[in-house]
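Presented below is the structure to which this report refers.
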Number of protein chains: 2
Amino acid sequence: MIRNGDGHGIGAARLAGLLGDVRAGRGPAYRTLAAAVRVLVDDGRLPSGTRLPAERALAAELALSRVTVTHAYRDLRSAGWADARQGSGTWVRLPDGPLRPDGAWVPAPVRGGVIDLTHAAPPAPQAMSALLRRAMERLDAELAGHGYGPDGLPALRERVAARFTARGLPTDPDQIVVTSGALHAIGTALGELAGPGDRVLVENPTYPAVLDLIDDVRALPVPVALDREPVQTALPRAARQTAARVAYLMADFQNPTGVLLDDDARARLMLRLARQGVVAIVDETFVDLDLRDGGIAAPTAPGPRPCAAYAPRDDDVVTVGGISKIAWGGLRLGWMRTAREPAARMRRRLARAQISPPILEQLIGVEVLDALDDLRAERIGPLRAQRDRLVAEVGAEFPDWRVQVPDGGLMLWYDLRTEMSTALSAVAPRHGLSLAPGPRFGPGRAFEDRLRLPFTHPEPVLAEAVRRLRRAVDDVGAGPVPEARADLVV
Amino acid sequence: MIRNGDGHGIGAARLAGLLGDVRAGRGPAYRTLAAAVRVLVDDGRLPSGTRLPAERALAAELALSRVTVTHAYRDLRSAGWADARQGSGTWVRLPDGPLRPDGAWVPAPVRGGVIDLTHAAPPAPQAMSALLRRAMERLDAELAGHGYGPDGLPALRERVAARFTARGLPTDPDQIVVTSGALHAIGTALGELAGPGDRVLVENPTYPAVLDLIDDVRALPVPVALDREPVQTALPRAARQTAARVAYLMADFQNPTGVLLDDDARARLMLRLARQGVVAIVDETFVDLDLRDGGIAAPTAPGPRPCAAYAPRDDDVVTVGGISKIAWGGLRLGWMRTAREPAARMRRRLARAQISPPILEQLIGVEVLDALDDLRAERIGPLRAQRDRLVAEVGAEFPDWRVQVPDGGLMLWYDLRTEMSTALSAVAPRHGLSLAPGPRFGPGRAFEDRLRLPFTHPEPVLAEAVRRLRRAVDDVGAGPVPEARADLVV
């Protein structure tokens, strides 16, 4: 097993870059520094087992006194986030004992009054309860068999295929692979398509969990900036320059920017990528969360066709979807669509690893897809109101922040106009708030001036979250010092 | 995507070794050859994309005419199991289109009237239905949250820990990692402990799915024969000889041999492996299926303590378990137990890949563990009767076959006294039977004279299975030709 001392060290300059400006925090600098290191360990940017730089070197990089760094390291050790060996240095680690409620990037339950703004995941709609019971009744018919079904429940694959077909992309059930959620589908596709040293194009910013998955197959993410030219030219250009063979992208309310590509952009993008020999992994996680006019009882004109409809061949694209956002995050069920032969191969790969998703979960998937219109109708109204409320609250509190309000999805991507996102995330738990730092949404050090805010909570919770955000921002020194801190939750 | 021609070729001698004696089959030799190749492709020993040897070379190795091989290759192509390119050869592939009901090693549902003897998986006990409904009621309380719980449901980890503690292995819930089944736990542990080129000791024979998982992390399985010396000396000796750092083993009714290690053997094995610096992955999949006297209403003396109870330190062992065998294979829920720090690391690894098993599945796990005595009581009696019935039926039909009748588990490991297992599996579907060939249970070419027969079906089905087995054996030429073949199912 890996023990302390096995890991690599990190240089003082590199760590300072990851930490951002820790002098900006309110309260003792050593505590802000320790909190910022914990965030990095917790979200994986500083892997457990990494040796920290010498205190003197880090102090110089951060323009802090050496005593401050010494105190911060001692603080980390006493709280279980680091170990030291006499004369050989200090290693960060994940703490033993009770699990941490604070700051984890991988989703953690809401605990103890902390408002969780790291996850874009609403509670289950009312309609779920009846739907779950219908799935349970269907399960009774399955209990007489051995229960193994590595190819995925035929009824589920049929419904997923029918839905693609209805959206303008003719699909056979044999093209569908059932997975334990969309994230699992992306990881499986990456495992099939990319290996050590391969380059994988990603939009920058992108969905951070995918950066971890790219790292897991030892491939290299190639971040493609989206603010200078449109994705349909930027991605193919990057493919040409880097000889990448795989791209990961979201065309429907991109995470975190909320951008929706129109049909024309999709057609150009898919043709150009295919011409470069790039297989696109297109993540449709938010496709059902179109919040535009008309409401859902009277659905608006259908959205753009799936990207794969514009690709020359079925195996140019792996289209990924799931039910977590439209139904509930506690369900772990997703799928892939590609050509028949790679689909069969990926079904087999999944069967080797874990046989299949649970049958009950797949039966719930069938019910969710049958009830899609109802679920959407229940979701859309509140989400739209919450989005608008969050925009209004943030606008009133932080008039200089900028945002492009998206037509769908679950989140707003704010430009804070000042670099403080990691520090803000580090102090936020003191104010009863959990935030995902902007740099987490890209593989580099960009986005210190960005913050993703999901609008998945009820309006009063969002209003309270913005009040806490105000206090957190003040705490990192960007505004006046708050007078009352009675609501501190750590 | 991988296309034909990307894969490697297989030499004629190597393929002939994998095929066994295909001349023994009844009916045209080309058909037997094609069926045997399909079995190899289907169970992954001949990966999709592998180029087949030149017809002339294979014909020479198999002592068949070249025309026979030509016909077999044509048969494979026309059935979608191979492609050819003019002048460059023939590549095997998984067929497109409807999924194959026949011969898949990865579990496939029972279809048509085929009796499935490839899986050791009984139907769900009656008690499951009420238990599932209780879990559903508990779920209602969770629906208000976002549903993500990457660390595993605390109530489930507490119960798993309590059960280890009750069996003589004090365990804290923080030492438990919740997974999507025992297989998923083994794969995760291997991913953490072994990398490319590392040697992993396995008992020979062993659970075949684990060989695939070892291959997936590009490690090398080191098969350790169990028929010459006991496992507690054989595994440590192999560790010394190969510098292996990981071993995979089953101490409770081993798959496929059914062997149960006593306390003394466990103590010696664990101490010796720890001294060699080997981490043991101990698979407890069958631990609850002790079929010995006394019945379950009056449980017998408790079985041996878990292996980990004998290891010097908690991180010397990863203990793996799950609910598929005692409850139902359609449930995909398992766990690992190890030291706190590696457990935290593995929870994080799993969260990266798929966040968590579904909450509902974890709630079902809680109910299963609370109802363990009831489930065991319902399972044990029928299993014992089925085991004895299968032994009697096989004994009457094949008096020269040998078996060590196990005290628990779900299967019998027969010595057929003649090398025909792959050929037998190839012809079995013609007789309405699906079999796993003996060589699948080891990484080499051994066990052509072995057959694993699970006793998970009701007694009349087992009796009928043995009648069909008779006809299949006759079909590979080991006995007289059957007169009637009206029950053919392909």
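All chains are named by letter (A, B, ...) in the order of the sequence lines, taking the proteins before the strands, and each is independently numbered beginning at 1.
Only the side chain of B/S324 comes within contact range of chain A, judged by heavy atoms closer than 4.5 Å. With a 4.5 angstrom heavy-atom cutoff, A/P196 touches chain B only via side-chain atoms. Contact annotation for B/P154: neither backbone nor side-chain heavy atoms come within less than 4.5 Å of a heavy atom of chain A. The part of A/I364 that comes within reach of chain B is its side chain, from C-beta onward, which places non-hydrogen atoms under 4.5 angstrom from that chain. Contact of A/E137 with chain B is made through backbone and side chain together, with heavy-atom distances under 4.5 Å.
Contacts with chain B were tallied for A/S356, A/A343, A/P173, A/G181; A/S356 has the most, counting heavy-atom pairs under 4.5 Å. Top candidate by heavy-atom pairs under 4.5 Å with chain B, chosen from A/G187, A/P358, A/P123, is A/P358. Among B/T179, B/D216, B/L213, the residue making the largest number of heavy-atom pairs under 4.5 Å with chain A is B/D216. Highest contact tally toward chain A, considering only B/I359, B/T456, B/I186, is held by B/I359 [criterion: heavy-atom pairs under 4.5 Å]. The most heavy-atom pairs under 4.5 Å with chain B, out of A/A339, A/G329, A/G191, A/P122, come from A/G329.
A salt bridge links A/D215 with B/R352: the distance from a Lys NZ or Arg NE/NH1/NH2 to an Asp or Glu carboxylate oxygen falls below 4.0 Å. One finds no salt bridge joining B/D212 and A/R348 here, because no Lys/Arg side-chain nitrogen approaches an Asp/Glu carboxylate oxygen to under 4.0 Å.
Here the rule is side chain to side chain contact (heavy atoms under 4.5 Å, CB included) with B/S180, and of A/Q354, A/E361, A/R332, A/H184 only A/Q354 fits it.
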> When you look at A/L360 and B/L331, which way does the side chain to side chain contact (heavy atoms under 4.5 Å, CB included) test go after all the steps?
Replying inline: CA-CA 8 Å; A/L360 180 53; B/L331 302 172; 5.8 Å; no
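The structure places OG of B/S129 at 6.0 Å from CG of A/L143, a figure rounded to the nearest 0.5 Å. Between atom CG of residue B/L139 and atom CE of residue A/M136 there is a gap of 8.5 Å, rounded to the nearest 0.5 Å.
More than 12 heavy atoms of other shown residues, nucleotides or ligands fall within 6.0 angstrom of atom CZ in B/R133.
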